[in-house]
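Have a look at the structure below before the remarks.
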2 protein chains.
Amino acid sequence: MARRPTIKDIARRAGVSESAVSFALNDRPGVSRDTRARIRRVAEELGWQANSAARALSGERSGAVGLVLARPAHTLGVESFFLQLVSGIQEVLSAARTALLFQVVEDVDAECAVYRRWWAERRVDGVLVVDPRTGDPRPALLAELGLPAVTIGEPGPPAGPSAVPGPSAVPGASVPGPSTGAGASPVSSVRADDAGAMAQVLEHLHGLGHRRIVHIAGLPGLAHTVRRMESLRAEAERRGLGPDHVRSVVTDYSDAEGAAATRRVLAEPRPPTALVYDNDVMAVAGSAVAAELGIPVPHRLSIVAWDDSALCRVTHPRLTALVRDTAGFGRLAAEELLSVLAGGPAGVRESERPRLEPRESTAPAPAHTDS
Amino acid sequence: MARRPTIKDIARRAGVSESAVSFALNDRPGVSRDTRARIRRVAEELGWQANSAARALSGERSGAVGLVLARPAHTLGVESFFLQLVSGIQEVLSAARTALLFQVVEDVDAECAVYRRWWAERRVDGVLVVDPRTGDPRPALLAELGLPAVTIGEPGPPAGPSAVPGPSAVPGASVPGPSTGAGASPVSSVRADDAGAMAQVLEHLHGLGHRRIVHIAGLPGLAHTVRRMESLRAEAERRGLGPDHVRSVVTDYSDAEGAAATRRVLAEPRPPTALVYDNDVMAVAGSAVAAELGIPVPHRLSIVAWDDSALCRVTHPRLTALVRDTAGFGRLAAEELLSVLAGGPAGVRESERPRLEPRESTAPAPAHTDS
DNA sequence: CCGATCGACTAATGCGGTTTAGTGGTGGCG
DNA sequence: CGCCACCACTAAACCGCATTAGTCGATCGG
């Protein structure tokens with residue numbers, strides 16, 4: 001069990017003062033080229049790494065960022081989205097030698113408590129916020145704490161009396177000066193093009209002749225759910241389809257509610273000919289329901305899954321899915337956070353538009369069901 | 001953006017020295033009952049929380065533990081196991097005010113590099129090691145670094161010339177003295193009863209009349225895969241079934257290899273009447289293959305999934321699965337790690353035996369296929 | 001030729017805790 | 001009465017690094 005070398009050890013070995021070592025290792029002026037090189041070499045030999053605690057204590061930087069996942073334990077589960085996101089985040093963070101603190105909690109209140117604690121303990125320099133929702137208390141809290149943050153997914157309108165609907169984040173408008181650091185509103189965000197994706201899905205289905213379409217949406221509290229529902233409605237209207245033809249029903253994302261919703265809408269007198277599911281689990285559950293009811297997919301019912309995964313490929317027929325570069329989304333978020341931490345302006349970044357991958361679960365609508 | 005209070009603020013407000021505050025807040029002797037109470041009250045009022053960096057610097061404790069997941073990015077995905085495990089871990093850790101550093105890397109070498117870095121930077125007090133494998137270099141590395149660790153799943157035999165087969169971790173044998181701290185061999189483990197679980201599965205299938213059984217196993221490098229394969233063989237032999245009747249084939253856990261293996265064994269001249277899959281994803285993929293080949297489940301083929309999840313409930317028929325309390329397993333591991341960190345002896349803890357949940361995918365074997 | 005300037009480096013201070021070594025007052029006991 | 005043990009508490013050192021304020025010798029402009 002080796003002792004970890006400190007700056008003092010390097011200083012002694014290199015015959016210089018501790019400050020010289022600090023300067024040399026941090027690319028600060030004050031040491032000559034060859035002294036710097038010598039110090040670097042000694043540090044290398046000794047396998048020195050800065051003690052993160054000491055660095056945090058003096059430098060006011062902990063070298064870590066946090067991510068809290070607020071989900072009731074039983075909802076955690078079959079979902080590829082999250083781990084892939086984290087994997088993308090890590091790629092960027094570990095290149096910047098930044099650690100990720102990860103926590104799973106039950107709900108948003110607990111999440112806020114975690115933020116407060118992390119802040120008070122100075123555990124993290126910033127946080128990544130997932131699952132932004134309508135009336136979300138988190139951006140306000142983080143702004144109050146002055147904890148730099150990036151929301152993954154565009155936040156909905158803020159909570160409280162000042163909740164003004166309308167375009168909530170205009171890229172250029174609230175950008176602070178270049179060196180504003182962690183002062184004003186450190187919350188920026190990365191967003192997925194939900195509207196564009198939904199337009200794509202609708203175009204695909206409409207082009208196949210579908211006129212009765214139901215969107216089995218996720219949790220209505222989540223901002224992206226709302227955005228998807230809104231853009232579905234807008235796109236449908238653009239094509240002259242009203243809420244009697246195209247609509248959304250909300251669920252909690254679970255296989256159970258996905259199945260139940262499917263059963264319900266398929267039992268209607270004029271059932272839809274296409275279903276769009278907000279995640280892969282519900283899509284698989286829904287296609288199982290269709291099989292059970294003896295409704296052949298895709299001949300009488302087309303199915304689209306939002307987010308691709310192994311799941312969509314193990315069912316029969318394989319599911320047409322909206323493929324996103326989830327890891328890329330995570331990378332984008334991490335980059336934005338690092339940039340904010342480095343004193344850059346807060347802003348909004350948009351990820352690539354998802355791509356629709358047609359498989360066997362979508363086909364032309366049955367002819368006689370138009371109306 | 002409030003300033004965080006420090007011990008000095010408390011000391012001033014309470015009219016005592018900083019050390020008195022430290023004593024009071026850490027339950028150390030040296031302050032009277034009511035002074036302690038007063039200090040506590042002031043700290044509460046101010047919302048004080050110890051600066052983790054400062055505490056780490058002086059106390060030699062970072063208050064964080066680490067977990068590295070070594071998986072190639074594309075393998076991350078549909079698997080409920082991991083998030084549930086983490087959720088259980090968190091429950092215990094956050095009660096102990098300990099943070100979890102989480103990292104995803106490509107392979108075990110990168111994982112070792114992370115351990116070295118965390119150790120050198122003193123980022124973590126200990127680590128949780130997942131996916132122990134045969135010839136695993138990690139326990140040795142961690143022992144060398146003196147980084148306390150708990151392997152989740154019993155480790156296989158160690159790598160290197162000293163690799164002695166046989167019972168690798170005898171609970172009582174290598175227990176150090178009560179206050180040995182992080183000296184000798186800080187690596188302990190929690191284990192799942194893979195053998196008992198496999199025995200249960202085999203009993204279920206054998207009881208249903210199945211004699212030709214194939215175990216679609218996971219990665220052969222993982223220790224628990226080996227244990228499952230061994231106990232399958234042992235249990236089969238106990239019932240007079242040789243490798244021509246009962247055997248394992250290995251995969252990489254992916255849906256693709258699970259499907260391919262299924263296709264292969266079902267195409268044999270005397271195909272198995274029951275398949276046991278090492279995870280839920282492969283089980284679902286396998287049952288899709290059976291459907292595609294027109295082999296009715298469970299009438300001509302029974303299927304068992306190791307690990308239950310929503311997946312097993314959305315297929316038709318729903319899959320008989322081995323249900324484990326994964327979160328509980330995580331809790332157990334976290335408790336063991338905290339106990340080791342507190343100076344307790346390293347040991348092996350065993351989790352509850354998994355429970356077989358019979359569903360519609362297992363049924364009596366077709367009569368004419370015995371032999 | 002001398003003071004000003006600059007580069008290379010050292011000494012000292014602080015970050016916010018923990019911990020060890022005092023310090024002063026009190027009470028018990030011979 | 002005097003010595004010592006004990007208690008409640010304070011002062012100071014320390015953890016490992018970053019940073020600021022010097023120090024010292026060489027160079028340079030006038």
Side-chain angles (χ1 to χ4, degrees), chain A residues 2-40 42-43 46-64 97 117-125, chain B residues 2-40 42-43 46-64 97 117-125:
Chain A
R3 202 179 63 86
R4 292 116 159 154
T6 73
I7 266 195
K8 197 177 294 180
D9 300 319
I10 301 177
R12 202 173 323 125
R13 283 267 283 250
V16 293
S17 71
E18 293 175 42
S19 356
V21 176
S22 180
F23 292 149
L25 296 174
N26 290 294
D27 276 325
R28 292 229 163 342
V31 274
S32 62
R33 277 178 51 83
D34 37 351
T35 308
R36 190 183 298 270
R38 185 159 42 96
I39 292 174
R40 283 260 174 75
V42 173
L46 264 49
W48 178 88
Q49 299 278 101
N51 178 325
S52 59
R55 181 164 274 172
L57 190 53
S58 54
E60 297 287 289
R61 268 272 156 77
S62 71
R97 312 185 65 76
R117 188 147 60 88
W118 278 351
W119 170 81
E121 296 180 346
R122 289 170 183 71
R123 276 230 190 246
V124 298
D125 299 325
Chain B
R3 202 179 65 84
R4 291 117 160 155
T6 74
I7 265 198
K8 199 177 293 181
D9 300 319
I10 300 178
R12 202 172 323 123
R13 284 266 284 250
V16 294
S17 71
E18 295 175 40
S19 356
V21 175
S22 179
F23 292 149
L25 296 175
N26 290 294
D27 276 326
R28 291 229 164 344
V31 275
S32 62
R33 277 177 50 85
D34 38 351
T35 307
R36 189 183 301 269
R38 185 158 43 94
I39 292 174
R40 284 258 174 77
V42 174
L46 265 48
W48 178 87
Q49 299 278 101
N51 178 325
S52 59
R55 181 164 275 172
L57 188 53
S58 52
E60 297 287 286
R61 267 274 154 77
S62 72
R97 314 186 65 74
R117 188 147 59 87
W118 278 350
W119 171 80
E121 296 179 346
R122 288 171 183 70
R123 278 231 189 246
V124 299
D125 299 326

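Letters A, B, ... are given to chains in the order of the sequence lines, protein chains preceding strands, and every chain is numbered from 1.
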Length of the CZ-P vector between B/R4 and C/dC15, whole Å: 14 Å

Stepwise, does the salt bridge (charged side-chain N to carboxylate O under 4.0 Å, His left out) test hold for B/D9 with B/R4? CA-CA 10 Å; B/D9 300 319; B/R4 291 117 160 155; over 6 Å; no

Heavy atoms from C-beta onward define the side chain here; which of C/dG16, D/dC9, D/dC15 lies closest to that of B/T6? C/dG16

Check the distance between D/dG16's P and A/R12's CZ and give it to me in whole angstrom. 11 Å

Indicate whether OP1 or OP2 belonging to C/dG16 is found under 4.0 Å from a side-chain N or O atom of B/W48. no

Go through D/dC17, D/dT10, C/dG16 for me and flag the one nearest to the B/A20 side chain. D/dT10

Option from B/V31, B/I7, B/I39 for which side-chain contact (heavy atoms from CB on, under 4.5 Å) with B/S22 holds: B/I7

For A/W48 against A/R55, the heavy-atom pair lying closest together: CH2-NH2, 4.3 Å

Is there a donor-acceptor pair closer than 3.5 Å between any side-chain N or O of B/S62 and the backbone N or O of B/R123? yes

How many Å lie between NZ on B/K8 and P on C/dT18, as a whole number? 14 Å

Hey, does the side-chain of B/S19 have a donor or acceptor N/O within less than 3.5 Å of a partner on the base of D/dA11? yes

How long is the line joining CG of B/L46 and P of C/dG17, in whole Å? 11 Å

So A/V16, base contact, sugar-phosphate only, or nothing? Heavy-atom distance under 4.0 Å. sugar-phosphate

Within the structure shown, what part of the strands sits under 4.0 Å from A/S32 by heavy-atom distance: base, sugar-phosphate, or nothing? sugar-phosphate

Under 4.0 Å between a side-chain N/O of B/N26 and OP1 or OP2 of C/dT18, yes or no? yes

For B/A14 and B/V42, the nearest pair of non-hydrogen atoms, with its separation, is CB-CG2, 4.1 Å

Under 4.0 Å between a side-chain N or O of B/R28 and OP1 or OP2 of C/dT18? no

According to a strict under-4.0 Å criterion, is A/S58 in side-chain N/O contact with OP1 or OP2 of D/dG16? no

Among the nucleotides C/dT10, C/dC15, D/dC17, whichever has the atom closest to the side chain of A/N51 is D/dC17

Side-chain N or O of B/S17 versus OP1/OP2 of D/dT10: is the shortest distance under 4.0 Å? yes

When rounded to whole Å, the CG to C1' distance for the pair A/D9 and D/dC15 reads 13 Å

Take atom CZ of B/F23 and atom P of C/dT20, then tell me their distance rounded to the nearest Å. 9 Å

Can you identify which nucleotide, out of C/dC15, D/dC15, D/dA18, has its nearest atom closest to the B/L57 side chain? D/dC15

Check whether any side-chain N or O of A/S22 sits under 4.0 Å from OP1 or OP2 of D/dC17, and answer yes or no. no

Counting C-beta onward and ignoring hydrogens, is there a side-chain heavy-atom pair between A/K8 and A/V21 closer than 4.5 Å? no

Round to the nearest Å and state the distance from B/L25 atom CG to C/dG16 atom P. 16 Å

Taking for A/P5 and for B/G30 the nucleotide of DNA chain D with the nearest heavy atom, the one nearer the 5' end belongs to B/G30

Look at B/R55 and C/dT18 and indicate whether a side-chain polar atom (N or O) is within less than 4.0 Å of OP1 or OP2. yes

Atom pair distance, as rounded to whole Å: CD in B/E18 and C1' in C/dG17: 9 Å

